Amino acid sequence: QVQLVESGGGSVQAGGSLNLSCEASGYMLLTNYMAWFRQDASNERVRVAAITVGGATEFYDDSVRGRFTVSQDKTKKWTFLEMASLKPEDTGMYYCAANRGGDEWYGDRDPRTYAYWGQGTQVTVSS
């Protein structure tokens with residue numbers, strides 16, 4: 001089992017920045033992808049960024065590329081999302097997610113790929 005806890009959400013004005021953190025604990029040896037998803041008012045979860053464990057490869061949704069940066073620390077227990085030049089459309093509940101190796105692979109964008117989820121942290125960007 002893997003437990004994920006997000007922190008760092010808040011309210012900012014457009015153009016501002018926020019940094020999200022995700023602390024992972026438990027059995028992480030089968031996890032090779034970590035991701036950040038945003039759930040908006042329509043309840044759709046959109047993958048905004050993902051990273052291979054160890055940080056070799058990063059993935060970004062086109063809507064955040066160049067503004068958001070995903071990273072992981074050397075212990076691999078912490079995954080971060082640095083968000084800059086925030087826009088009102090970035091508003092939503094942000095979830096950290098981890099896959100479980102051996103499970104069905106639907107691609108890094110698909111929520112079904114990820115077996116473990118945090119409780120979410122709210123980000124609100126006002127215009």
Side-chain angles (χ1 to χ4, degrees):
Q1 276 287 46
V2 172
Q3 294 78 44
L4 304 172
V5 179
E6 303 96 336
S7 59
S11 297
V12 296
Q13 289 192 324
S17 301
L18 281 173
N19 295 325
L20 305 184
S21 299
C22 173
E23 182 181 12
S25 60
Y27 188 73
M28 293 289 293
L29 291 182
L30 296 181
T31 292
N32 48 23
Y33 275 80
M34 298 291 297
W36 287 95
F37 282 78
R38 179 182 67 242
Q39 182 169 313
D40 58 22
S42 69
N43 280 333
E44 178 185 7
R45 290 193 181 185
V46 175
R47 195 272 285 139
V48 295
I51 189 168
T52 53
V53 171
T57 307
E58 301 167 21
F59 306 87
Y60 296 96
D61 187 79
D62 287 343
S63 66
V64 306
R65 193 184 308 277
R67 301 188 297 120
F68 289 13
T69 303
V70 60
S71 62
Q72 198 175 48
D73 78 330
K74 291 182 179 181
T75 70
K76 303 177 185 178
K77 290 185 178 182
W78 290 90
T79 302
F80 307 101
L81 185 67
E82 298 175 58
M83 304 186 296
S85 302
L86 283 161
K87 303 176 180 180
E89 51 263 42
D90 295 320
T91 293
M93 185 71 78
Y94 281 71
Y95 294 91
C96 177
N99 82 313
R100 180 173 54 200
D103 285 358
E104 188 76 28
W105 177 254
Y106 296 95
D108 69 279
R109 295 175 181 266
D110 195 316
R112 295 176 297 173
T113 289
Y114 301 90
Y116 306 109
W117 294 82
Q119 83 288 351
T121 186
Q122 179 68 34
V123 171
T124 302
V125 185
S126 57
S127 57

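Note that the coordinates shown come from a computational prediction; the quantities given were computed from them, not determined experimentally. We count residues from 1, following the sequence as given.
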Query raised in the report: Any chain of hydrophobic side-chain contacts (each under 4.5 Å) joining Tyr94 to Tyr116?
Result: yes
All heavy atoms of Ser126 vs all of Pro88, minimum pair found to be C-CG, 4.5 Å
Discussion item. Under a 3.5 Å threshold, yes or no: a donor from one side chain and an acceptor from the other, between Glu58 and Tyr60?
Written reply: yes
Closest heavy-atom pair, Val70 versus Thr79, reported as atoms and distance to 0.1 Å, is CG2-CG2, 4.2 Å
- Message: Determine whether a donor-acceptor pair (N or O, by modelled atom type, separation under 3.5 Å) exists between the side chain of Thr91 and the backbone of Val125.
- Response: yes
Count I, L, V, M, F, W, Y as connected when their side-chain heavy atoms are under 4.5 Å apart, and connections chain through other members. Are Ile51 and Phe59 then in the same cluster?
no
OG1 (Thr69) and CG (Leu81) are apart, to the nearest 0.5 Å, by 8.0 Å
| task | Inspect the contact between Arg65 and Asp62 and indicate whether a charged nitrogen and a carboxylate oxygen are less than 4.0 angstrom apart. | result | yes
One should read off an interatomic distance between Phe68 CZ and Ser17 OG, to the nearest 0.5 angstrom, of 9.5 Å
Notebook entry, point to check: When you look at CD of Gln122, are more than 12 heavy atoms from neighbouring residues, nucleotides or ligands closer to it than 6.0 Å?
Noted result: yes
Between the OG atom in Ser63 and the CG atom in Asp90, the distance rounded to the nearest 0.5 Å is 7.0 Å
_Measuring only between side-chain heavy atoms, which start at C-beta, is Tyr114 closer than 4.5 Å to Asp108?_
yes
- Query: Do Arg45 and Tyr95 meet the cation-pi criteria used here (NZ or CZ under 6.0 Å from the six-membered ring centre, within 45° of the axis)?
  - Reply: yes
Exercise for review: Determine whether Leu20 and Glu6 make a side-chain contact, defined as any pair of heavy atoms from C-beta on separated by less than 4.5 Å.
Suggested key: no
Looking only at heavy atoms, the pair that brings Gln1 and Gln3 closest together is CB-NE2, 3.6 Å
- Query: Does the pair Asp61/Arg38 count as a salt bridge with the N-to-O cut at 4.0 Å?
  - Reply: no
Note: Thr113 and Asn99 closest approach over all heavy atoms is O-CB, 3.6 Å
Between the CE atom in Met34 and the CG atom in Leu4, the distance rounded to the nearest 0.5 Å is 5.0 Å
Grouping ILVMFWY residues whenever side-chain heavy atoms fall under 4.5 Å, the cluster of Phe80 otherwise contains Trp78
Value for CE (Met28) from OG1 (Thr75), rounded to nearest 0.5 Å, stands at 9.5 Å
Interatomic distance, CE@Met83 vs CG@Leu18, rounded to 0.5 Å, equals 4.5 Å
*Do you reckon Met93 sits in the same ILVMFWY cluster as Phe37, going by side-chain contacts under 4.5 Å, direct or chained?*
yes
Minimal heavy-atom distance between Thr121 and Ser7, with the atoms involved, is OG1-C, 4.3 Å
